[in-house]
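Side chains are part of it too, since the values below use all heavy atoms of this structure and drop only hydrogens, waters and symmetry mates. Throughout, protein chains are lettered first and strands after them, A, B, ... in sequence-line order, and every chain is numbered starting at 1. This structure is a prediction, so every number in the text was calculated from the model and none was measured.
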Amino acid sequence: MRLLLIEDSRRLRTTVARALSRLGHAVDEAEDGESGEDFAGVNDYDVIILDLMLPGQHGLTLLEKWRDAGRDTPVLILTALDGIDDRVRGLALGADDYLVKPFAIAELAARLEALTRRRHGRADSRVMIGPLSIDLTAKQVSRGGETIALTAREFALLECLARRPGQIFSREQIEARLYNEEESPLSNAVDTAIYSLRKKLCPPGTSPLIHTRRGLGYVLET
Amino acid sequence: MNMSSIRGHLTKTLCLLAAVILPLAGLAVYLTARASLVSQFDALLMAKASALAAASEEDDDEFEIDREIVEFAGFSSSQAVNYFIIYTPDGRIVARSPSFGRLSFKEPLPHFYQAPTFTFLELSDGRHVRALSQLFNPQEGRSGYKMIIAATSGTLEKTLKTLGMVLVIVALCGLGVALGVMHITLKRGFRPLDQLAGQVQNLKIGQPDQQLDTAALPQELHGIGEKLNELMDRVEASLARERRFSSHAAHELRTPLAELRSMLELIHDWPDEKTPEHSAEMIEVISEMEALLEKLSMLAKSDARAHAATFTTVQVKALVESVLARHDQNAIAKDISLNTSINVGVLHTDEVFYAAILNNLIGNAVSHAPRHTLVNIEVSEKKIRTSNQAPNLQQDDLPKLFERFWRKSSSRGVEVHSGLGLSIVQACAQMLGAECHASLNKDQVLTLEVHWS
């Protein structure tokens, strides 16, 4: 998932971003409302994690702006404000979820996953593509009942393709999902990752699942 | 639980009073009426006695009485209502009314004196009579004759009995009516008190805008109602203050707790993330939380007046230098020059509170002053004053500076400010009998001053 984390506490921001990165997500970090707005204006995120009491611009002001502009990116409010009024106001202004500090990283990750699933209209966290079974929450993959071990980056790539089976993703789209603003992947990084993923998902003698559409990109389908 | 009721107590007391006073009053009426009736009866006997004495004479040692007068005075046999009997000085009966017939007075007979004596006697047929006995002198006769004149007292007794019964019935009815009236009066009289008690019982601590309706209260309870409303306002204000304080305190602790938890989870789930930098950051978070808790604790103690000022001799210069040493590193890092002026050697004050004022004022100045600027610190017998550049501060912010948890920006940013430092200054200043003042000049220099008058 490509995530934007807008949080003014440096230590919390870097730690949460680090943990989400280790879970295979690409996370952009913004320390205030202005830079958060800039990031959101440039990139398409799966979920935006938004603190409320930000320097410069209040989180709710940002949220209101996005919703007024018709932006439907799921927003999870992550704040120390635990009052019912604060929750109601946040959700009423268009937030999709509300998590109060302190929180467990696992819960944050699960909520992010649920928001993404909801955005793609799926109730189940498992995706079946032919013999391939992907559990997006447990981050487990199996083919024909046999578990396949993937790295976080490989799983993130598979997740990107599996969220819309049959849809072609360009290299740029995949890059945007796998790498944050500060990472500078090599030009063939996506091809290398696809190659590695193909080897694990489709051993010799099995039908291919990731197909190359020349000049367009890659697609996951049977 | 043994709960006494004012209304119950009053009802009991008034009932008791009514039960005692009404019979006593009845008894008094009865006795007065009886005395009056008996007195009238006795007056009649006296008149008859006078008539008999006037109608009697002694002639040649023979006692005689005028029969016409006897008849006229009602002693005839046919009437059998009035009786008389006359004895000689030696006790021999010399005359008795025809109304006696075969009757006589039952013994004992009364004594005889010059003055008339009244008593109740009984006839031999059992009837009661009221009798007058006295010594008298018949016309032209010896002294020492004795006379008993009596009249049946049946009518008198019947009248007194009827009066007694009427009075008992009236007393009982009066008691019943009095009890009923008392019950209704007390109930009505206590209704405002009951309503006030009901309203007070329905007051819920923590629910805003609860007031007693004092307009409906009688004059005697108006003051109580007003005072209760005032106390409720104070309780609500105090609770609101506590809620705000707890909410702020919880809020201030949530972010560092979230930081600490996230760091620990990161290290737990990915052990290779356990770096010296992460460990240092965790210690930093814990230190900040400790500092915050220390401040909260100091404010709580100040609120509860748990720590009374203990005045000792304080070496001001040494104290200021020790406080400055705590902020040196931060000042050096921001290239801030500290210009200190100490114009007092020793002070008789509470060292803990005085040090807290110095520490928070200097810490606040160093923390908020922009880089490469000057912070002035002036300490004298009557004041502590710090001044520093505050480019983002506005005049409107000045009244809020000493509010708890107030920060110019609500965000946490790089430097963590709890927003408690200046409220601690104010609390400590109050404990030491000083006042706080903040001013901002046109060059955006903020001056904070604690001064003793």
**Asked** In terms of heavy-atom contacts, does CD of A/Glu146 have more than 12 from other residues, nucleotides or ligands at under 6.0 Å?
**Response** no
**Item:** chain A contact via B/Leu257 - which portion, at a heavy-atom distance below 4.5 Å
**Value:** both
**Complete:** Residue from B/His278, B/Glu273, B/Glu284 scoring the most non-hydrogen pairs under 4.5 Å with chain A is B/Glu273
**Asked** Once you round to the nearest 0.5 Å, how far does OG1 of A/Thr14 lie from CG of B/Leu266?
**Response** 9.0 Å
**Contact summary for B/Trp270 and A/Ala19, nearest pair of heavy atoms** = CH2-O, 3.6 Å
**Message:** Heavy-atom pairs under 4.5 Å with chain B: which of A/Leu108, A/Leu23, A/Asp51 has the most?
**Reply:** A/Leu23
**Asked** About how many Å separate OG1 of B/Thr255 and CD of A/Glu7, when rounded to the nearest 0.5 Å?
**Response** 6.5 Å
**Asked** More than 12 foreign heavy atoms under 6.0 Å from CZ of A/Arg126: is that the case here?
**Response** no
**Close contacts, residues 70-85 of chain A versus chain B, judged by heavy atoms under 4.5 Å** = A/Ala80, A/Leu81, A/Asp82
**More than 12 heavy atoms of other groups within 6.0 Å of B/Gln444 CD** = yes
**Request:** Quickly, which of B/Glu265, B/His268, B/Arg261 forms a side chain to side chain contact (heavy atoms under 4.5 Å, CB included) with A/Ile105? Name it, please.
**Result:** B/Glu265
**Item:** Side chain / backbone / both / neither for A/Leu99 at chain B, heavy atoms under 4.5 Å
**Value:** neither
**Ion pair B/Glu259/A/Arg11, N-O distance below 4.0 Å** = yes
**Message:** Does any part of the side chain of A/Thr15, heavy atoms only, come nearer than 4.5 Å to the side chain of B/Met282, both counted from C-beta?
**Reply:** no
**Item:** Proximity breakdown for A/Ala106 and chain B, heavy-atom pairs closer than 4.5 Å
**Value:** backbone
